[in-house]
Amino acid sequence: MIFYFTGTGNTGWLANELAAATGERLVAIGAAMQHGDVHYRLEANCERVGFCFPVHGWRPPFIVRDFVRRLELQGYDESRNFTYAFATCGDDVGLTLDYLCDDLQQAGLALHSVFSVIMPETYNFPIIDQIDKPDVARRKLADASDRVQQLLPFIVDRCRGERHINASRWPHINSRLLGGYFLRHWVTDAKFSVDADACLRCGLCERVCPVGNIACPSGQVPQWLHNGLCTTCFSCYHHCPAHAIDFAGRTRGKRQYYYKKSVVEKG
């Protein structure tokens, strides 16, 4: 079983790669949290348990942490079930996997091995334009594909004690200080707005929101529902064909990115 959260698609691609290699089912954390689904049963004694998610502010997204803390996994046995985490990041992971390990312990689960892979940057910080240029994004995607293929055997073979992560130089400062500030001040849907004149009213932002937090009534601009699940993944912003969505009044006109399979295939 692979529990995953994805916004702009980087982690969605990774989760599908893991599922293809292991033959195990995918569970979308965003959809699960919308419906309060936290009870699962393992289908086999030796079934792997994977957690796949992007790094947000050098931490797991808060929705992932909430899900893990509430998770009830029937049939789990630490000695039989190999548990791993695989994070996607724009640069490094800080203490992300340490936070996850603590959360898993609260749920009665172990964490046997951890992995990460650098992929194109998706967080559009209002002050700094962090989104990678197209050539950089293509290079990162190609490198990510190679790295994942190198790491998959550790997961397929259930290798314990593996730690293949993109480490930080200042993990405590990044995760605790900067990550805490990010969570308190920037993880909110209250800062999103829409240019009604530019909006096409196509409803794409509603369809790509991983937590069901956007509604687009027919012929109207999108409305954020304030359902408490927004992670500011920026999927709505990045997918908007008219570039009509803004965050904090500072992101209009900046680059957009979301995962496209065709880009990886072309290299």
Side-chain angles (χ1 to χ4, degrees), residues 4-16 28-35 53-57 61-64 66 88 90 119-138 140-141 181-264 266:
Y4 77 100
F5 178 76
T6 188
T8 54
N10 282 341
T11 309
W13 164 78
L14 175 59
N16 278 283
I29 291 175
M33 290 295 282
Q34 287 180 64
H35 301 102
F53 55 87
V55 173
H56 284 188
F62 80 86
I63 192 173
V64 173
D66 286 351
T88 60
M119 295 193 73
E121 182 63 67
T122 64
Y123 185 66
N124 203 343
F125 193 73
I127 299 175
I128 304 172
D129 191 354
Q130 290 184 294
I131 307 304
D132 293 317
K133 294 179 179 179
D135 59 329
V136 175
R138 285 192 292 270
K140 281 188 173 182
L141 287 169
Y181 180 86
F182 168 82
L183 184 62
R184 289 191 301 272
H185 297 283
W186 295 110
V187 181
T188 173
D189 59 9
K191 296 180 185 290
F192 282 104
S193 61
V194 179
D195 183 339
D197 293 331
C199 179
L200 302 177
R201 293 156 171 81
C202 63
L204 181 58
C205 53
E206 177 182 5
R207 296 193 295 274
V208 301
C209 178
V211 295
N213 189 42
I214 300 176
C216 294
S218 179
Q220 298 182 37
V221 298
Q223 302 170 9
W224 277 258
L225 303 178
H226 311 301
N227 66 3
L229 297 177
C230 179
T231 65
T232 57
C233 70
F234 286 100
S235 183
C236 55
Y237 166 87
H238 288 298
H239 281 87
C240 180
H243 222 140
I245 295 177
D246 184 36
F247 184 80
R250 301 179 182 180
T251 57
R252 285 295 306 277
K254 291 188 177 182
R255 282 188 288 271
Q256 293 172 297
Y257 166 87
Y258 61 90
Y259 178 85
K260 303 180 185 71
K261 184 178 180 180
S262 60
V263 174
V264 181
K266 291 178 182 177

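Note that the structure is a prediction, hence the values are computed from the model and not measured. FYI, the numbering just counts along the sequence from 1.
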Exercise: identify the closest heavy-atom pair between Ile214 and Cys236: CD1-CB, 3.6 Å

Check: Asn213 side chain, His226 main-chain N or O, donor-acceptor pair, under 3.5 Å: yes

Inter-residue atom distance Gln256.CD - Thr251.OG1, 0.5 Å rounding: 9.5 Å

Pairwise side-chain contact, Thr232 with Phe234, heavy-atom cut-off 4.5 Å (strictly under): yes

Short side-chain to backbone donor-acceptor contact, Lys133 and Arg255, under 3.5 Å: no

Euclidean distance, Gln223 CD relative to Glu206 CD, rounded to 0.5 Å: 10.0 Å

Phe5 to Gly30 - nearest heavy-atom pair and separation: CD1-N, 4.0 Å

From Asn227 atom CG to Asp189 atom CG, the distance as rounded to the nearest 0.5 Å: 7.5 Å

Spacing of Cys233 atom SG and His56 atom NE2 [to the nearest 0.5 Å]: 6.5 Å

Non-hydrogen side-chain atoms of Lys254 and Tyr237 separated by less than 4.5 Å: yes

CZ on Phe182 to CZ on Phe62, rounded to 0.5 Å: 10.0 Å

Closest contact, heavy atoms only, Pro210 versus Gly7: CG-CA, 4.2 Å

Centroid-centroid under 6.0 Å between Tyr258 and His238 rings: no

Close side-chain approach of Val211 to Met33, heavy-atom, < 4.5 Å: no

Cys230 to Val187 - nearest heavy-atom pair and separation: O-CG1, 3.6 Å

NZ on Lys260 to OG1 on Thr8, rounded to 0.5 Å: 10.0 Å

From Cys199, Pro217, Cys209, residue fulfilling side-chain contact (heavy atoms from CB on, under 4.5 Å) relative to Pro222: Cys199

Closest heavy-atom pair and its distance - Gly12, Thr6: N-OG1, 3.0 Å

N/O donor-acceptor pair under 3.5 Å between Asp132 side chain and Tyr257 backbone: no

Side-chain (Glu121) to main-chain (Tyr123) donor-acceptor, under 3.5 angstrom: yes

Whether His185 side chain and Tyr181 backbone form a donor-acceptor pair below 3.5 Å: no

Close side-chain approach of Ile29 and Phe53, heavy atoms under 4.5 Å: no

Tyr259 side chain reached by Leu141 side chain, heavy atoms, under 4.5 Å: yes

Given Thr11, Thr122, Asn10, the one that forms side-chain hydrogen bond (donor to acceptor under 3.5 Å, both in side chains) with Thr88: Thr11

